[in-house]
Every structure is written in C-alpha cells, then in structure tokens.
Amino acid sequence: MKRPTYTLSSMIKKVFRSGERSLPREEICSRLEESGLIAHLDMEAEALLTKVLQMKQSPVRVGRTDAIVEVTYQPHQLFDLAFRYLRDTQTPKTLEQIVAELRRQTQFGWNQITRLLQLDRDLRFVQFQGDVRWFLADWTVANDQVYQFCRSNGIAQISSRSLGHFLEQEAKIPPGAVFLPPLDDRFRLEGERLHIIVREDDICAEEEQEAEEDLLPGEDGGQVEWEIEEARLEAAPAEAPVSAPGLTELHTPGFPADAKADESSESPEATELQHEHHEQLHFEEEVPMNSVQTQSTIQEVQEMLRLALDRLQARNAEMSQEVVSHFQKSNMQAIELLMKEKHKNEQLALGIEQVLTASQQQ
C-alpha cells in the first residue's frame, strides 16, 4: 500500500508545535506514536529519532542532556523569504525554484543562497518520500478526501486539465491542502487522464460498513432487523395472505375452481386498477435509467466546458508573452488585435463559468 509518507526528518519536524525549541526524547517518541506518522514504518519511534539525530543536516540535536532534544534552526531572512514564497503561491517548490526566486528578491548570489538555505533544519518546511519538492509543515494532504469523494460519486477518471477546478469546486479541497497522486497507488496518471484505482480491500471495507448500517439494534443492543422480520412472520396468520390495498389478488394453479371464477369475474374497475398499477411499475423502472443517462450527459458537458475554460486561460497566458514580443518590436497593431482577442476570451470564459455554476446548483 503506497501512500504519501513524510521523510524521517520531516516526521520529527511535524511533532514540534509552534514556538517549541526543545522537547524531552520521551515526549517526541510519544507524539510520533500518537500522531500515526510511523504507522506504516517498520521502525520504532526511538530508533527513528536516533537515526535523525545522526543525519548531517538534521533538524534536531542532543540538548544539554541526552534526555533533551532541541532544534538546530538559526533564524535568517532567507528562510523567511522562502516561507513567504511557498505560502503566497500555495504550491510546493523544488530547492532550485526557491533559490531562483530568492536570487531575484535579494542581492545574494546563487552559491551563497544554496549554502545558507538549509531547509532541512527549518521546522516550517517538510518533504515527502519520493518527492524532491518542499512543502509547508502546516499544509494537509488531501488524497484521502479526493479518493472518498470519487468513490462516493462514482467518478472513475478526471481530466488533468480540469483537475484544479475539480479539486476546488467539486471536491471542495480547502486552501493549504495538497493533492499528491504520484505518491498514492489509488491514483494513476495516463496521458491527460487521472484514473481512480478501486482497491479490493476498499470494496470489502465498504461492504462491511453497509452490512453494519443495515443492522437495527433493539433496546438490549443485540436484536437486529432480520430477527424482527422473523418474529413478524411467525406472528402472522397462516391461512391466507391479505392483499395490499389497491392491488388485485393473484391466484396460481392448484387453487380451488371458485377462486378462478372469482378472478375471471373481476369488475372493470379492478381490471383498470391493475392496468394502471402495471403502468406505474413500468414507469418507475424506466426513471432510474433515464436519470443515470441524464446525469452522465450533464457530467460530460461539464467536463467539456471545463476543458474549454482551461484552453481559454492557457491562450490568455500565451498572449501575455506575445504582447511582450510585439512591444519589443513596436508592433502596436498586433498588440491591439491581441487585446481584442483577450477581451473576447475573458467574456467567453465568464459565460462558461456562469453556466458551470448554474449546472452545479441544480
């Protein structure tokens, strides 16, 4: 089972709370176990802490005594600028991307920033195993929420182009949450499609949960629904079943001849009632299928609209670069044409967003 898992040093960072500069070893180990961070590791909390303490760029070190562990981070403006960069963009970044941004904001050289900016030591930055990017420690992982939403709504695949809109508008993923499908075997990206992989153990767990929900506890907590039904059947008269109101009683071969005579002599009103009942059953059988087809068509149209919206946004980004190029060449006519195209794109995008909002509210 593959799930997003913090690196060992990041696990130690996660147990420290805001403002804490040192903790007893026992407290760190206790928090590691209680948080569930090491639930999928074949390693005890004490062994993990010992291994992190031995790392060259460890976020912690032994304090005044062996029983105390303290953080190694030393305040510097570069760390604060890096933190603001990730916080403002709400996007994980590689070290190279962070250094490039700090190089633009400060007078420090590339080598100087690389030497000073040891993010391993700062408790505010964490990493996941298999991912070189840096995340903020207070961000949450939304993989479980996305997976449960897709399973509950029967979604088997998502267009990668409309993934951002899906996470924000449909799955309602809050700001400060990250979705990491490459680190999760419940998701697989193929081309421009993100597939949701349904695991057999998840299906079994859902079936067990549904079975538990079907149980109807009695006053003593041990009586269930099927026991109530059995008792009701035992208490019912054994002679002849009573027909439900509005339904014609049906007879099968082997019944007395007078019963058949009663059936053949039914009044026209009873025959008409039976005919209406059959039509009602036929209508009720067709409605669910039509509803499923209608829902499927609506989802396809919504996805096409999102793709169109993404294409318009991508074109606007392209035009921004083209405007700069034409401006350098003093081609004002081309710039004017691009501005008109951008205005049309924005109007069209606004209309698509309104249609999507209206379709989701219905």
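Please read these numbers as outputs of a predicted model, since none were measured by experiment.
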Please test Arg161 against Glu192 for side chain to side chain contact (heavy atoms under 4.5 Å, CB included), starting from the C-alpha separation and ending with a verdict. CA-CA 7 Å; Arg161 292 186 176 182; Glu192 295 185 352; 3.2 Å; yes
Starting from the C-alpha separation in whole Å, work towards a yes-or-no answer on side chain to side chain contact (heavy atoms under 4.5 Å, CB included) for Leu194 and Leu163. CA-CA 9 Å; Leu194 178 67; Leu163 182 59; 4.1 Å; yes
With side chain to side chain contact (heavy atoms under 4.5 Å, CB included) as the criterion, how do Met11 and Tyr6 come out once you've worked through the C-alpha distance, each side chain's angles and the decisive distance to 0.1 Å? CA-CA 6 Å; Met11 290 182 185; Tyr6 290 104; 3.9 Å; yes
Assess whether side chain to side chain contact (heavy atoms under 4.5 Å, CB included) is satisfied between Leu119 and Ile98, documenting all intermediate values. CA-CA 10 Å; Leu119 296 181; Ile98 297 174; 3.9 Å; yes
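Taking a 6.0 Å sphere around CD of Glu26, one finds it holds 12 or fewer heavy atoms contributed by other residues, nucleotides or ligands.
Pairs of residues two or more places apart, or lying in two chains, that qualify as salt bridge (Lys or Arg N to Asp or Glu O under 4.0 Å) and include a residue from residues 174-184 are Arg3-Asp184, Asp184-Arg186.
Residue Phe149 is not grouped with residue Val178 when hydrophobic side chains (ILVMFWY) are merged at heavy-atom distances under 4.5 angstrom, including chains of intermediate members. Hydrophobic clustering (ILVMFWY, side-chain heavy atoms < 4.5 Å, transitive): Leu167 and Val141 are in distinct clusters. Side-chain heavy atoms closer than 4.5 Å link hydrophobic residues (I, L, V, M, F, W, Y) into clusters, and following such links, even through other members, never connects Tyr147 to Phe128. Two different hydrophobic clusters hold Leu337 and Leu312 under the rule that ILVMFWY side chains link at heavy-atom gaps under 4.5 Å. Linking ILVMFWY side-chain heavy atoms closer than 4.5 Å, directly or via other members, places Ile12 and Leu136 in a single hydrophobic cluster.
The line from CG of Leu8 to CD of Gln127 is 12.0 Å long, rounded to the nearest 0.5 Å. Here CG of Leu348 is found 13.5 Å from CZ of Arg315. Values are rounded to the nearest 0.5 Å. Considering NE2 of His76 and CD1 of Ile113, their distance stands at 10.0 Å, rounded to 0.5 Å. Here NZ of Lys172 is found 11.0 Å from CD of Gln145. Values are rounded to the nearest 0.5 Å. Note that CG of Leu41 is 10.5 Å distant from CD of Glu44, once rounded to the nearest 0.5 Å. Rounding to the nearest 0.5 angstrom, the gap separating the CD1 atom in Ile197 from the SG atom in Cys150 is 11.0 Å.
When every heavy atom of Lys2 is checked against every heavy atom of Pro182, the shortest pair comes out as NZ-O, 3.1 Å. Pro24 approaches Ile68 most closely through the heavy-atom pair CA-CD1, 4.1 Å. Considering all non-hydrogen atoms of both residues, Trp139 and Leu86 come closest at CZ2-O, 3.5 Å. Of all non-hydrogen atoms in Asn143 and Phe187, the two that sit nearest each other are O-CZ, 3.8 Å. Closest of all the heavy-atom pairs between Leu117 and Ala82 is CD1-CB, 4.3 Å. Pairing each heavy atom of Leu123 with each of Pro59, the nearest pair is CD2-CB, 4.5 Å.
Look at Arg104 and Glu101 and you find a salt bridge, because one of the NZ, NE, NH1 or NH2 atoms lies within 4.0 Å of a carboxylate O, short of that distance. Between Lys14 and Glu34 there is no salt bridge, since none of the side-chain N atoms of the basic residue sits less than 4.0 Å from a carboxylate O of the acidic one. In summary, Asp120 and Lys13 do not engage in a salt bridge, as defined by a charged side-chain N under 4.0 Å from a carboxylate O. Ion pairing of Glu33 with Arg31 is absent here, as no side-chain N (NZ or NE/NH1/NH2) approaches a carboxylate O to less than 4.0 Å.
In this structure a side-chain-to-backbone donor-acceptor pair under 3.5 Å is present from Glu20 to Arg17. A distance-only check finds no donor-acceptor pair linking the side chain of Glu168 to the backbone of His165 [under 3.5 Å]. Judged by distance alone, the side chain of Thr106 and the main-chain N or O of Arg103 form no donor-acceptor pair under 3.5 Å. At distances below 3.5 Å, at least one donor-acceptor pair connects side-chain atoms of Thr89 with backbone N or O atoms of Tyr85.
Val60 pairs in a side chain to side chain contact (heavy atoms under 4.5 Å, CB included) with only one of the listed residues (Leu23, Val69, Ile28, Val15), which is Val69. Each of Arg64, Arg121, Arg61 was checked for a salt bridge (charged side-chain N to carboxylate O under 4.0 Å, His left out) with Glu70, and the lone residue meeting it is Arg61.
A heavy-atom distance below 4.5 Å is found between the side chains of Gln112 and Leu116. Proximity of Val99 to Glu96: side-chain heavy atoms (C-beta onward) are nowhere separated by under 4.5 Å. No side-chain heavy atom of Glu341 sits under 4.5 Å from any side-chain heavy atom of Met339.
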Listing, residues 49-56 side-chain donor-acceptor contacts under 3.5 Å, not counting sequence neighbours, or none:
{"from": "Thr50", "atom 1": "OG1", "to": "Glu46", "atom 2": "O", "distance (Å)": "2.9"}

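No close placement of the Phe125 and Phe79 rings is indicated, their centers lying 6.0 Å or farther apart. For Phe179 and Phe166, the ring centers are positioned 6.0 Å apart or more.
Side-chain N/O atoms of Ser152 and Gln148 include no donor and acceptor closer than 3.5 Å.
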